[in-house]
Amino acid sequence: MAEEAGFTVSSPRNRVKFLCSYGGNILPRAVDGHLKYIGGETRVIAIPRDITFSGFLLVIFSSLISFLNFF
């Protein structure tokens with residue numbers, strides 16, 4: 001049924017995207033006091049919607065470790 005509606009396993013509709021930012025600081029803007037993220041790195045990670053929580057953590061941590069090993 002999902003395949004009929006255009007939702008295949010590899011379809012972008014079956015994935016959720018997360019912005020993962022690390023290594024920076026969240027600081028207030030001088031003009032209006034709203035918070036902003038300064039410095040660090042941001043990665044977009046696409047994860048299947050039907051992933052388990054432990055699988056989700058594995059993807060997040062392996063992505064972080066691969067980034068840290070790059071330097």
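Proximity of a side-chain donor or acceptor of N25 to a complementary backbone N or O of L27 within less than 3.5 Å is not detected.
Both V16 and V59 sit in one connected hydrophobic cluster of ILVMFWY residues. Membership requires side-chain heavy atoms under 4.5 Å apart, directly or through other members. Y37 and V44 are assigned to two separate hydrophobic clusters, defined by single-linkage of ILVMFWY side chains at heavy-atom distances under 4.5 Å. L58 and F53 fall into different hydrophobic clusters, where Ile, Leu, Val, Met, Phe, Trp and Tyr side chains are chained together by heavy-atom contacts under 4.5 Å. Residue F61 is grouped with residue I45 when hydrophobic side chains (ILVMFWY) are merged at heavy-atom distances under 4.5 angstrom, including chains of intermediate members.
The heavy-atom pair separating G33 from P28 by the smallest distance is O-CB, 3.7 Å.
More than 12 heavy-atom neighbours from other residues, nucleotides or ligands sit within 6.0 angstrom of CD1 on I38.
For the atom pair R15 CZ and I51 CD1, the distance stands at 8.5 Å (nearest 0.5 Å).
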